[in-house]
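Encoded as structure tokens, the structure appears first; notes follow it.
As the structure is a computational prediction, the values presented were derived from the model and not from experiment.
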Amino acid sequence: MRKSHPVRRVVLATAATVSAVVLLLSLKPSSDPGGAQAAGAVPQQTAAAQESPQGGAAAAGRSTVTGDAAQTQYGPVQVRLTVSGGKITKAEAVQAPSGGTSSQKTQLAVPRLNQSAVTRGSADIDSVSGATYTSTGYKQSLQSAIDKMKAARGSDAGASQGSGDSGSQGSGDSGSGAAQAKTVTGAAAQTQYGPVQVRITVSGGKITKAEAVQAPSGGTSSQKTQLAVPRLNQSAVTRGSADIDSVSGATYTSTGYKQSLQSALDQAGG
């Protein structure tokens, strides 16, 4: 029995050690993953909390507006703007002349016009040499988009003031905002080749947009109208009056345009 006691002690000690190691190993995996997962949950929640307000602010401060299509001799031009913080951050032509040499000129001109619109932040941009018609139509549609952008900002500001100010102040602001922008159509002027009638948009006492709602058409008249009207529209906005130059080769259309334009200005009080 004396010889067996040490062996039993060794066996018992070994069994106890093995049991302790097994117990430690069984406890460690169950606690570590939970601790690691819990530690990882906090940064994920923090990141999500940070991203949510930022995404909301970006969505609220950014908007897209598309100008009216401007008709040119080679097809319509229409510009769409992305606006953020009151500034143009992106400009693109959603319509532009295509087919034959028109496609080449469009590919040449539109990227430059887009860049100029973003850089200048207005329709006061230079025409691209060799693409006069496309440039003119682009600027007209760009101005239309800018007008819509300003009108939207004005209405948002009016709504904000109306909700925050007293009832009398809100009604006063709304009235002045409505009085600042209006659209007037002049009387139709009869010409040898058909009537010409001009519609203008006036804001702050200035012409922000001009367009011919009636113009001679059919045969060579259509060609002359497509040639003359975009130039006359641009001149009306630039000059701000009916004292504009006639377009060579479209004398009758130009004369009728100026007469109807003056009628519209008279109605607008300008």
Apply side chain to side chain contact (heavy atoms under 4.5 Å, CB included) to L261 and L232, showing your working. CA-CA 10 Å; L261 173 58; L232 294 167; over 6 Å; no

Is any side-chain heavy atom of N233 less than 4.5 Å from a side-chain heavy atom of Q140? yes

Residues Q115 and T119: side-chain donor-acceptor under 3.5 angstrom: yes

Rounded to the nearest 0.5 Å, the OG1 atom of T201 sits from the CZ atom of R199 at a distance of 7.5 Å

Would you say Q71's side chain and Q226's backbone share a donor-acceptor pair under 3.5 angstrom? no

R80 versus Q78: any side-chain heavy-atom pair under 4.5 Å? no

Check which hydrophobic residues are tied to Y252 through side-chain heavy-atom contacts below 4.5 Å, counting indirect links as well, and list them. Y193

With no hydrogens and no angle check, do the side chains of K258 and S246 hold a donor and an acceptor under 3.5 Å apart? yes

Kindly give the heavy-atom pair with the smallest separation between A250 and A228, and that separation in Å. CB-CB, 3.6 Å

Roughly how far, to the nearest 0.5 Å, is CD of E92 from OG1 of T82? 6.0 Å

For A268 against V202, the heavy-atom pair lying closest together: CB-CG2, 4.1 Å

Taking the side chain as everything from C-beta on, heavy atoms only, tell me whether I200 gets closer than 4.5 Å to L265. yes

Assess whether side chain to side chain contact (heavy atoms under 4.5 Å, CB included) is satisfied between S98 and T106, documenting all intermediate values. CA-CA 7 Å; S98 61; T106 291; 5.8 Å; no

Show, in sequence, the C-alpha distance, side-chain angles and deciding distance for K105 and V110, and conclude whether the side chain to side chain contact (heavy atoms under 4.5 Å, CB included) test is met. CA-CA 8 Å; K105 291 181 178 181; V110 167; over 6 Å; no

What distance do M149 atom CE and L81 atom CG have between them, rounded to the nearest 0.5 Å? 7.0 Å

I'd like to know if the side chain of S260 reaches the main chain of V198, judged simply by a donor and an acceptor atom lying under 3.5 Å from each other, with no hydrogens or angles considered. yes

What verdict does the side chain to side chain contact (heavy atoms under 4.5 Å, CB included) test give for I146 and K150, after you've listed the backbone C-alpha separation in whole Å, the side-chain angles of each residue and the deciding distance to 0.1 Å? CA-CA 6 Å; I146 291 174; K150 291 180 179 178; 3.7 Å; yes

What heavy-atom pair brings Q262 and A242 nearest, and what distance separates the two atoms? OE1-CB, 3.3 Å

Do side-chain atoms of T208 reach the backbone of S203 as a donor and acceptor pair under 3.5 angstrom? no

Look up atom CD1 in I244 and atom OH in Y257, then write down how far apart they are to the nearest 0.5 Å. 5.5 Å

Counting only N and O atoms by type, is there a donor-acceptor contact under 3.5 Å from the side chain of Q197 to the main-chain atoms of T185? no

Nearest heavy-atom approach of P216 to T191 is CG-OG1, 4.1 Å

Please tell me if the side chains of R231 and T132 come closer than 4.5 Å, counting only heavy atoms from C-beta onward. no

Considering all heavy atoms of both residues, which atom of A236 and which atom of I207 are nearest to each other, and what is their separation? O-CD1, 3.7 Å

